[in-house]
Structure formats: C-alpha cells, structure tokens
J.: 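My questions will all concern the structure given below.
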Amino acid sequence: MYPTLLAGLGLLAACLRYARRPEARHVPLMLCLGLFTLMAGALGFVTGVMAMLRGFGTSAGDVRPEVVLSLGLQESLHNIALALLLVTLSVLAASVGAWRLSHRVSSPVPA
C-alpha cells in the first residue's frame, strides 16, 4: 500500500496546486500521477491475492477455506480502496482548478 499512498499523495499535491493556480502545463502530470495511483492500487491488489493464494495451501486445517479466502480478498481490496479514495479527492481538487480556469478564460478554447 505504500506505493499507492505515495503516488496518491503526490497526485493530491499536484491537484491542489492546480486548484490554487490552474495552468494547462500541470494537466499531464496530474494525468500520469492519477494513472500511476490506480495502477499501484491494482498491483497491490494482485500481489495481495497472490500472497493469499500462496498461503492458502499452508493454512491451518481447522479454519474453513471460505473464511481464509474472504479475509484475504478483503485485505487485498484495501489497496484498490485507497487508490480510489486518493484519486477521488484529487479529481475533486482538479475540478476546482478546472472551474477556476474556465471562469478566468474569456474566449473559447480552440479545439
């Protein structure tokens, strides 16, 4: 979860900076950090599921397999939940910047 947290905090910082002073040059950085945050969360989930399945064969015999699988899956999903939380907060901040930029521009932006 540490890579997801670091990427997400970087994304949030970039989006907050964009919200304060919206400039088009910050958009590629926000997009890359957003994608990196989501990919780090997905990678954390996949490696968590892999670790759960690897340990599943060595689990104690008195524990039901459904319990082991459900607890392992729930733990692995924390990575995706963290990534989605950080991306959601960041997109909210970026939306403020986009709103401020749209009200600052007096002429339409060329396509």
Side-chain angles (χ1 to χ4, degrees):
M1 286 181 68
Y2 292 117
T4 306
L5 180 64
L6 290 175
L9 290 177
L11 171 65
L12 188 57
C15 289
L16 287 172
R17 182 177 179 186
Y18 180 75
R20 280 193 305 269
R21 275 184 277 129
E23 298 174 15
R25 65 186 179 104
H26 296 297
V27 174
L29 176 63
M30 292 187 307
L31 289 173
C32 289
L33 285 173
L35 186 60
F36 179 51
T37 302
L38 291 174
M39 291 297 108
L43 181 62
F45 171 73
V46 169
T47 56
V49 169
M50 289 169 57
M52 172 195 63
L53 292 175
R54 186 173 43 253
F56 181 68
T58 61
S59 64
D62 58 346
V63 180
R64 293 188 0 222
E66 312 85 57
V67 173
V68 173
L69 290 174
S70 65
L71 288 176
L73 190 60
Q74 183 235 359
E75 182 69 26
S76 296
L77 282 169
H78 283 128
N79 291 292
I80 292 184
L82 178 63
L84 291 175
L85 174 69
L86 290 168
V87 168
T88 300
L89 291 174
S90 299
V91 168
L92 183 62
S95 298
V96 170
W99 180 80
R100 292 181 71 196
L101 183 63
S102 71
H103 282 74
R104 186 171 63 185
V105 176
S106 60
S107 63
V109 177

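Bear in mind that the values here come from a model prediction, so they are computed numbers and not experimental data.
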J.: Using the salt bridge (Lys or Arg N to Asp or Glu O under 4.0 Å) rule, collect all pairs that involve residues 23-32, keeping only residues at least two apart or in two chains.
T.: Glu23-Arg25
J.: Looking only at heavy atoms, what is the nearest atom pair of Pro28 and Ala24, with distance?
T.: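 Shortest heavy-atom separation between Pro28 and Ala24 comes out as CD-O, 3.6 Å.
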J.: Show every donor-acceptor pair shorter than 3.5 Å between a side-chain atom in residues 81-94 and any protein atom, with sequence neighbours excluded, or say none if there are none.
T.:
unit_1 : atom_1 : unit_2 : atom_2 : d
Thr88  : OG1    : Leu84  : O      : 2.6
Ser90  : OG     : Leu12  : N      : 3.4
Ser90  : OG     : Leu86  : O      : 2.8

J.: Please report the interatomic distance CE(Met30) to CZ(Arg17), rounded to the nearest 0.5 Å.
T.: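 Output value for this atom pair is 11.0 Å.
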J.: Residues two or more places apart in sequence or in another chain: which of them pass side-chain contact (heavy atoms from CB on, under 4.5 Å) with Val46?
T.: Met50
J.: Can you list the residues that meet the side-chain contact (heavy atoms from CB on, under 4.5 Å) rule with Leu73, with sequence neighbours excluded?
T.: Phe45, Val49, Leu77
J.: Show which residues join Leu43 in its hydrophobic cluster (side-chain heavy-atom contacts under 4.5 Å, direct or indirect), or state none.
T.: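 None; Leu43 is a cluster of one.
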J.: Provide the full list of ring-ring contact (aromatic ring centres under 6.0 Å, His included) pairs with a residue in residues 75-97, sequence neighbours left out, each pair given once.
T.: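 Pairs touching residues 75-97 that pass the test: none.
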J.: What is the distance from atom CG of Leu11 to atom CG of Leu16, rounded to the nearest 0.5 Å?
T.: 9.0 Å
J.: Nearest 0.5 angstrom please: Tyr18 OH to Leu29 CG, how far?
T.: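 The distance works out to 12.0 Å.
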J.: Please write out which residues are connected to Phe36 in a hydrophobic cluster, directly or through intermediates, given that two of Ile, Leu, Val, Met, Phe, Trp, Tyr count as joined at side-chain heavy-atom separations below 4.5 angstrom.
T.: none
J.: Does Leu35 sit in a hydrophobic cluster with other residues, and if so which ones, taking ILVMFWY side chains as linked at heavy-atom separations under 4.5 Å, directly or through other members?
T.: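 Reading the cluster by chain and number, Leu35 sits alongside Met39.
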J.: Pairs in or reaching into residues 30-39: which pass salt bridge (Lys or Arg N to Asp or Glu O under 4.0 Å), with residues at least two apart or in two chains?
T.: none
J.: For Leu31, check side-chain contact (heavy atoms from CB on, under 4.5 Å) against everything at least two apart and list the hits.
T.: Val27
